[in-house]
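Since the structure is predicted, the reported quantities are computational estimates derived from the model, not experimental observations. Here is the naming used below: chain letters follow the sequence lines, and residue numbers restart at 1 for every chain.
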Amino acid sequence: MALINYRKAINDALAEEIMRDENVFIIGEEVAEYNGAYKVTEGLWKRFGDKRLVDAPISEAGFIGLGVGASMLGLRPVIELMFWSFAFVAYDQIVNNAGCVRYMSGGLINCPIVIRGPANGGTNVGATHSHTPENILANVPGVKVVAPATAYDAKGLMKSAIRDNDPVFVMENTLLYGEQWEVPEEEYLIPLGSADVKREGTDISLIAHGRSVLIALAAADILAAEHNINAEVVDLRSIRPLDEDAIVQSVRKTHRAVLVDENKPFCGVSAQIASMLQEKAFDDLDAPIGRVNTLDAPAIYSPPVEKLQLPNAQRVVSKALTVCA
Amino acid sequence: MALINYRKAINDALAEEIMRDENVFIIGEEVAEYNGAYKVTEGLWKRFGDKRLVDAPISEAGFIGLGVGASMLGLRPVIELMFWSFAFVAYDQIVNNAGCVRYMSGGLINCPIVIRGPANGGTNVGATHSHTPENILANVPGVKVVAPATAYDAKGLMKSAIRDNDPVFVMENTLLYGEQWEVPEEEYLIPLGSADVKREGTDISLIAHGRSVLIALAAADILAAEHNINAEVVDLRSIRPLDEDAIVQSVRKTHRAVLVDENKPFCGVSAQIASMLQEKAFDDLDAPIGRVNTLDAPAIYSPPVEKLQLPNAQRVVSKALTVCA
Amino acid sequence: MQSVADSPTSAAAEINRNLTAEQKIAFLRDMFRIRRFEQVALKCYNQGKMGGFLHLYIGQESVAVGTISLLGENDHVITAYRDHGHALAVGMSMNECMAELFGKATGCSKGKGGSMHFFAPDKNYWGGHGIVAGQTPLGLGLAYALKYKGLRGCCLCYMGDGAVNQGVFHESLNIASLWDIPVIYIIENNQYSMGTSLERSSAFKNSLSERAEGYNIAWDSFNGEDIYEIRAKTQIAVDRAHNESRPSVLEIATYRYYGHSVADANAKKYRSAQEIEDYKTNHDPLRIWQKTLIEEGVIDEATAHQLDLDAKHEADEAVKFAEESPFPTEADIFKDVYYEVDNETGSGKRGKHFFND
Amino acid sequence: MQSVADSPTSAAAEINRNLTAEQKIAFLRDMFRIRRFEQVALKCYNQGKMGGFLHLYIGQESVAVGTISLLGENDHVITAYRDHGHALAVGMSMNECMAELFGKATGCSKGKGGSMHFFAPDKNYWGGHGIVAGQTPLGLGLAYALKYKGLRGCCLCYMGDGAVNQGVFHESLNIASLWDIPVIYIIENNQYSMGTSLERSSAFKNSLSERAEGYNIAWDSFNGEDIYEIRAKTQIAVDRAHNESRPSVLEIATYRYYGHSVADANAKKYRSAQEIEDYKTNHDPLRIWQKTLIEEGVIDEATAHQLDLDAKHEADEAVKFAEESPFPTEADIFKDVYYEVDNETGSGKRGKHFFND
Ligand SMILES: Cc1ncc(C[n+]2csc(CCOP(=O)(O)OP(=O)(O)O)c2C)c(N)n1
Ligand SMILES: Cc1ncc(C[n+]2csc(CCOP(=O)(O)OP(=O)(O)O)c2C)c(N)n1
Ligand SMILES: [Mg+2]
Ligand SMILES: [Mg+2]
């Protein structure tokens, strides 16, 4: 298998789906001629032209609404948000139009739209540019949210997202775009709603999504090497639909859990998982579930301090040690 | 004490604060000449005139942003959203400008703005008009969120909100506007961050906010009358800051909890409370914490069916029975 | 307001000259149907048979009927929450509409949408949207899709005079012009947004539609009480969309007789009784059209009256249909949320979609 | 682009005629300071001494310096993320600005804001805002507050040419006109929003500022390479704000020499090398102003050069200051979130504000 990076994996997924289905097209700021602010769409405009790659003005509400309308008539728009943080100027279009139009029409209208882009902190771009809205979006019944942690998952989930007939929001990560993983040459899909055990273990479950999975894996290495604790790492991959079975199964085995999650803590994804686990695995839990989130303040700019604000392996290890104590 | 309704209690709070501080003024759609879509500002325009009561065009992002800007210069705007659901067209202004400007300026700028309006389902106005965004707003460090359940609390919290030097979002409820409670004549404040035990009990804690508190109280009556279960009802009142001590204390006493909450379940406020409780009261809990939320779909229009979709006393009772079983 | 009903130019416009008597009568019938449907719905609302809002279109019927009469196979329609008129004008049945108001499973949206959310994609009708101006980029997207697919069509996107002050409308205008999208924004200027008069909500020089100028979009502003006028002026925009793939903004002066919604307790406070009366007497689109047809000898008083009676009867029957229809069940709450779940696809069956337990 | 540098009319405008030599020299000094500050910052950025974005203002200096030179005690300033120029022009020190870029606790925003978020409320400077057009209603609000308090002032709200397509700007324009708010929107039209040229992002007839017409707002569009021109034209808007409490929209043609941000790898792809060169050679606001002052006999070549050297020196010193300053601590993360917590008020001490454990 070839080693390719997360950016290229997404780029390939987009190219393959554009070729596969004439209704697939990409709209966003700087996605065409400029090749994407983070180069995720590199080369696609050259290959597929103006119809399939469309540079938009800085009007997120306008072009996301446009995408919703176009999807109602059968197109399959893939909208790039330069940052998911910019979703907030388009929030009504996302929640009320993409999220509710099927329901309000009694199922007469489908909205096969994909909105994708990076949703992460860690690049010192400050409070307004570092939001991770997967929790608040997954709050909305009617939408789907995925957060791939590897190039392999990113490609497979992106292709499923584009083929899905419901609105799917893909949370990428600028810190992962350059990271490499093995990705098969042959076509594959990863279904929404299926978690992935990224590391088998017996003593504690580290449950995470997005880049936090890599932090959990690093923490698992430290726990194994330094503390003789064999941690299992469960990657949610998909936030909504959620593979609850996989999560519960892991905790039934390990009896302990730490949830790692870049959301701000109040009502973060890990709050939902903790809440679910205490209900469904109450008798299996030997200790309270621990959570590791971004420290609860707006994203600080200062580069060395922002590092401390985000979840990191050391904090996961400490929390795991408390939970295992 | 006089019996006054929730609407009037808020109206009084607004009037008192307008008189107390020349920097307090109200902006919103139809708040002045029309007396408010839900008549919360009734009579205020006549009493206080054009400067203090300002009718706005249908430009929520514009006038909320205006309010944030004006608050930076020392005014204390109280913004009415006709429905909190309309916050979604102004979400960026709320989260990024009201929520982050103090932080990004290193504390140089304050934003003493209040945004208020109803946030509830149950009036058959459909999916787009029935959002309850207290969970997703409380996710944002930098803002404060309160949800009064009674006229007494509404008045006291509103006055505190207006005097607070941080952005405070007040979640009202159209179904409560006409309901009456005892409210003292003399001035009083209810501090943010303090929960209220609305009913003492020993067997289970029903923890709720907003109108769900009344549902919890009704359920407590049924539990007492029909099941010999003595439920305690804790009203959060304030979502952020949150009175965790009061919650934990109640559960330490009763050892069981059901959380009632009109949010959609995924990452609802009750998910955060459950997550917190399983961590802080792990050894005190004799059973998994139960949650009762709005059934997880966009708000249905059909009047009799929407009733079923919202939390109701019967569902709380069933859940409590399971938890107590 | 001056009456334009007997403006000779618009009656003589090609698009009107070729109308058959049948077609002209159909416009009258359609307007009666809207009015009667809503009058009956209002009665039922006041009897407590429905919930939520009920925004009546009465007084504005000519706008929906006149503009929609111009549309062909690839032309589409989307509007705001004041949507009954457009729904009936595109050919939806009173039964499905009334049942929707009653919250019944037989409603056009299965009782899930209510008054603000009527839909009929099979009739190129995309709703019915409750968030002010929220539909404006959707209309743009529908028109975008037509162009993408190489179809010669357009999308009529209706909105109120208050809706022009939502930012997303402006974003949509810029994109429409920049990308040559065949969308036609129709501002139904009934002079009020809830209790706020046009002058208190919008800054403008001569008209709201003039804002289009800044985007290099063609615009027009005209009176909506006469169907000939509406058709003549709107056809220019439809041609522009069909032939040049260019957008337009049309501001059509009209008036609503009732309050903003039935819940609008102030309906008579922010405007004078005379103002309302003047519209009803001198500018009512039904009266004006009926008079025109009688003068043209296309119809007589009695036949017109019969059309009205038929409409009333149809509305009454629709109430019966609605009353006899079942409500959705509790289980129905979870249908129509996700396509993949409803259709039991692999995607719909994997993972948890609903978080009730 | 034609040079307007020697337009006699604007030099002769009253607001310029009364300028002292000192004032004129100060404008040159201020422009050198901006340019040198940023050149040094760029070097440090490339050495990895800061993170995030760095949007350079170089090429546009005359706009901030010229417009801000007109302001008095009750006039306020707010801008977007390309904010270094405005910050220095209002009188912020290089030290606090450089330290902010370095993420230091001594930065103007204590290292919490970074390049996009410089603030100095004591100098009537309200930032520094990263969300495109997000500052436009804030500027409106500042001006609203001035009017509310009965102060004779205005707010200059700067934005880019790409920012005009965010809906909230239009909402702000409508409100500004409707309520007579003394806000002046200054579109710094540097012809690109990231890699997208004006023509590919905005539909317009003659100019972007013309969109103001639809809101009945006075507007102007002019060249920004000459400080006299900027001051003459902007003063009209300031007078309008001060005397009539009416808003204005000014579009000022300008150019940025560097990429959108330092991270803009394509900086030289979407525009030609000649285009950039032409601006640097023929339209550079520093050169033009220096030439003007020399021609007027206000300054000589050597003194001008010394101003430049001083600016460079000041910037180098600022780097030293920044480097020697401490970073915020981990505990500082939780400061400046809530006023009430920071000030240990009753409200700040009750209930949990931070949910870390
Ligand atoms: C974003 C948003 N803000 C406010 C409302 C509440 N609201 C519904 S209709 C309306 C007035 C709209 O007036 P106009 O656009 O003139 O349409 P009309 O009702 O006259 O048809 C308002 C304020 C809403 N639905 N959405
Ligand atoms: C809402 C939003 N969308 C996108 C961005 C990303 N972005 C930052 S600056 C910019 C270009 C803005 O161009 P312009 O307004 O012309 O200002 P300039 O950079 O030329 O000064 C974009 C797209 C953003 N910050 N906010
Ligand atoms: Mg109207
Ligand atoms: Mg620009």
For the backbone of [Y] and the side chain of [X], can you confirm whether one donor and one acceptor N or O come within less than 3.5 Å of each other?
X      : Y      : answer
C/Y339 : A/N165 : no
A/K51  : C/Y148 : yes
A/Q93  : C/G134 : yes
A/D166 : C/E340 : yes

By a 4.5 Å heavy-atom criterion (distance strictly below it), what part of [X] contacts chain C: side chain, backbone, both, or neither?
X      : answer
A/V140 : backbone
A/E279 : neither
A/S238 : neither
A/N110 : side chain
A/I27  : side chain

Per-residue contact mode, [X] against chain A (heavy atom under 4.5 angstrom):
X      : result
C/L142 : both
C/L151 : neither
C/K349 : neither
C/C155 : neither
C/L178 : side chain
C/H76  : side chain
C/D122 : neither

Tell me whether the count of non-hydrogen atoms from other residues, nucleotides or ligands lying under 6.0 Å of CD in A/E22 goes above 12.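 No, CD of A/E22 has 12 or fewer neighbouring heavy atoms, counting only those of other groups under 6.0 Å.
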Measure across [X] and [Y] and return the closest heavy-atom pair with its distance rounded to 0.1 Å.
X      : Y      : answer
C/F354 : A/R240 : CA-NH2, 4.3 Å
C/L140 : A/G62  : CD2-O, 4.4 Å
C/K112 : A/Y103 : CB-O, 3.4 Å
C/S347 : A/K144 : OG-NZ, 3.6 Å

Quick test of your reading of the model: are C/R350 and A/D243 salt-bridged, counting only N-O distances below 4.0 Å? no
Quick one, C/H129 with A/N97, criterion side-chain contact (heavy atoms from CB on, under 4.5 Å). Give me CA distance, side-chain angles, the key distance, then yes/no. CA-CA 9 Å; C/H129 294 269; A/N97 285 347; 4.1 Å; yes
Just verifying a value: how many Å separate A/M276 CE and C/F355 CZ, rounded to the nearest 0.5 Å?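 Rounded to the nearest 0.5 Å, the CE-CZ separation comes to 8.5 Å.
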Using heavy atoms and a sub-4.5 Å threshold, report which of residues 52-61 of chain A line up against chain C, by residue number. A/R52, A/V54, A/D55, A/A56, A/P57, A/S59, A/E60, A/A61
